[in-house]
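Below, chains carry the letters A, B, ... as their sequence lines are ordered, and counting in each starts from 1.
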Number of protein chains: 2
Amino acid sequence: MAVTLAEVAAHAGVSPATVSRVLNGGYPVAGGTRTRVEQAVEELGYVANGPARALAAATSDLVGVLVHDVADSFFGILAGSLQSALAPKGHGDPRRLAVVCNTEGAPEAELAYLTLLEGQRAGGVVLTGGAVEEPGHTTALAARITRMADAGAPVVLCGRPPLPVPAALPVATVMFDDRGGAFRLAEHLLSLGHRRIAYVAGPPGLSTTRVRLGGHREALRRHDPALPEACDPLTVHAGFERSAGYDATRELLRRGAPFTAVAAANDTVATGVAAALREAGLRIPGDVSVAGFDDLPVCVDTAPALTTVRVPLREAGILAAQLVTGRRPLPPGGITTLPTELMVRGSTAPPPPEGSRP
Amino acid sequence: MAVTLAEVAAHAGVSPATVSRVLNGGYPVAGGTRTRVEQAVEELGYVANGPARALAAATSDLVGVLVHDVADSFFGILAGSLQSALAPKGHGDPRRLAVVCNTEGAPEAELAYLTLLEGQRAGGVVLTGGAVEEPGHTTALAARITRMADAGAPVVLCGRPPLPVPAALPVATVMFDDRGGAFRLAEHLLSLGHRRIAYVAGPPGLSTTRVRLGGHREALRRHDPALPEACDPLTVHAGFERSAGYDATRELLRRGAPFTAVAAANDTVATGVAAALREAGLRIPGDVSVAGFDDLPVCVDTAPALTTVRVPLREAGILAAQLVTGRRPLPPGGITTLPTELMVRGSTAPPPPEGSRP
DNA sequence: CCCGATTGAGAAAGCGCTTTCCATCACTCG
DNA sequence: CGAGTGATGGAAAGCGCTTTCTCAATCGGG
């Protein structure tokens, strides 16, 4: 059916082995021979049979990309830039294909997809999104990743903490300075004069949740050691969806404890928070300031525009692509932390004078 | 290294052929034997070698998903639901993996990715996003798709017009009633009293652009045969990004021809339109009404919320997944048109009384 | 109770490529 | 001037699975 390597070899008057070597490099081939082969490839319109290559080489051109959900802008942007970076313009390298898997953040799903990817002899895997911090899962994941990396498939952890794997293995971690971002965001709110700061956190047990909340509380503590505890009643855990922010805020409002600002786990949640607030007749930022996290595109289209912390998703995607394809050497220690940046917009302002509610 | 079929066979005391048959079905295997094999698979934790399967069977578990850009919510949502639908909960079927490819809508990129996918012996392909309507490309694409479908890989065109391929081939088309949606949206604006309706269309030459604009103009024409032409100076073509909407609107404003409403190619563009309008000191919908298309999540978070046309992306993704895996038979004619729905929100209202500008 | 259908399972031939392991060959060193 | 040497290219053995092609065994009917 399709043109095979053997046919190209015959056409060029060389052996299949030579054609393979020309195509894959890493072996000296005389200039003339090389040209002849390349011409044959061109003339016959040869396209390698991926599965056959993968079977023989025990590694494929597939790169697994585990995300919570590509429909979520956070992951969509990350996966998008990653995918694009996998396909370099100058079609020099053989193109790697991105296999994206929605795990919903579920440990079992992550493991299940990794199994599938191992079965496909994926040439690399990128795990994104916060990690469920449960000892059992961490161990299982570390073991799996070690096995894959050991088999030659680079693994990149993106936006999640490093895992205990033997050094020297091709395992890299790309982190975001979530803690610093949350810290600066809280500082921003404090400097505006806010003290009763509500916090709609992500799901408990997730690394991202812990780190962001940690940075936030640290800033409160720095300002006033008693503040973190004082704000505890104003902290609620929720999911990462808009509705979670909405529900959490209604709950907060229902409780009646007054607050003048709300920081959310991420921008999506923040939009839910804002919606609930507005619905309750509160003005943003007049009555309550709202802040998100991630700096998704939606931030500039809400009214007022959302103060948030920019997380360099595109950069992370590109970096992850380079690391997982080996186009970029592992940084010392295997960890790269990308900076986050406070983006002050219209949704945060000084709190209203005392006496207003809530 | 990993457990192989042969080892499972040995463990179960049968031949490799039998194990393969148990795993793939489609061949009678006695109950006892089957049980024994399944047990062996379980005990050894056997995971099939994808490439080997694909090589022997000449088809893989990979499903290609071509999108303009997954980072764009429209495609992210589509690809997300498609991917999830590919992995049915009850882990009965062998899981299919989604290979997502960002084509930026470029014909060459589409072809290039299809080549790659053919090389991988993909078991199916879903092409999404409007098609570039250029004879050459249409022909080339039709030929490619025919070849793939002929080789047994179902092809699903999603959100783009059907292609001329021999019937009887597994090629399905899932369309959105873009025309109807645009028509009803225009009707809505007309019924509010708008007559000078600007339109920020998508890139020329793209099927989506043509169809949406067509529906829009048809509604204008129905209302008053002279209206389409009257609004021509208010129609501009742009890209599908927010900035395109922004730039186009500034251009419109600069021209000085008055208008009381702007319909955009999609929601993302509409947010850009709104931003430019607000920046020019115009109130929405007080001075100018704005409408989008697609009903992306962002619509409910803009202020005011964006009137738009809901496009059933999730449903389309699920449907495409079922069609491309053959879990759902092709509809007669191979075409399914999904309905769109007008979503009236706060960004559209009657035009201001004459005399206001512009 | 024997014979042609059926049903169930094994043997073996690839699928198309990579990759040792060798065989050349043209030189160069001593 | 013969052997050592690096640069090239070929032969062939798989990689792990699917799928004919075959054959043994079981079964119902005349």
Any side-chain N or O of Asn49(B) under 4.0 Å from OP1/OP2 of dC15(D)?
-> no
Ala52(A) has a side chain; which of dG10(C), dC17(C), dG8(C) sits nearest to it?
-> dC17(C)
Do Ser84(A) and Ser81(A) have side-chain N/O donor and acceptor atoms under 3.5 Å apart?
-> no
Write down the distance between CG (Leu5(B)) and P (dG10(C)), rounded to a whole number of angstrom.
-> 13 Å
Separation of dC17(D) P from Arg53(B) CZ (nearest whole Å) = 9 Å
Out of dC15(D), dG10(C), dC17(D), whichever nucleotide has its closest atom nearest the side chain of Leu55(A) = dC15(D)
Is a side-chain N or O of Ser207(B) found less than 3.5 angstrom from the main chain of Pro161(B), in a donor-acceptor match?
-> no
Would you please confirm or rule out a distance under 4.0 Å between OP1 or OP2 of dG10(D) and any side-chain N or O of Thr18(A)?
-> yes
Verify, without hydrogens or angle tests, whether Asn102(B) (side chain) and Val70(B) (backbone) share a donor-acceptor contact under 3.5 angstrom.
-> yes
Might you work through the side-chain contact (heavy atoms from CB on, under 4.5 Å) test for Leu163(A) and Thr138(A), ending with a clear yes or no?
-> CA-CA 7 Å; Leu163(A) 246 23; Thr138(A) 303; 3.9 Å; yes
Hey, is the side chain of Ser20(B) poking within less than 4.0 Å of OP1 or OP2 on dC17(D), counting only N and O atoms?
-> no
Across the strands shown, which category fits Val19(B) at heavy-atom distances under 4.0 angstrom: base, sugar-phosphate, nothing?
-> nothing
When all nucleic acid strands are considered with a 4.0 Å heavy-atom cut-off, which category describes Ala30(B): base, sugar-phosphate, or nothing?
-> sugar-phosphate
In whole angstroms, the gap separating C1' of dT18(C) from CG of Leu23(A) amounts to 12 Å
Do Arg144(B) and Glu110(B) sit within salt-bridge range, that is, some charged N less than 4.0 Å from a carboxylate O?
-> no
Just by modelled atom types, is the Thr146(B) backbone N or O under 3.5 Å from a matching donor or acceptor in the Asp150(B) side chain?
-> no
Whole Å only: how far is the CG atom of Leu44(A) from the P atom of dG16(C)?
-> 14 Å
Whole angstrom is fine here: how far is it from CD in Glu7(A) over to P in dG16(C)?
-> 9 Å
Does Arg121(B) or Gly13(B) map to a spot on DNA chain C nearer the 5' end, using the closest nucleotide for each?
-> Gly13(B)
Listed pairs, N/O of protein and of nucleotides 21-24 of chain C, under 3.5 Å:
none

Residue closer to the 5' end of DNA chain C, Thr33(B) versus Ala56(B) (nearest nucleotide) | Thr33(B)
Please report, rounded to the nearest Å, how far the P atom of dG16(C) is from the CG atom of Asn24(A).
-> 17 Å
Heavy-atom donor-acceptor pair, Thr103(A) side chain to Val67(A) backbone, under 3.5 Å = yes
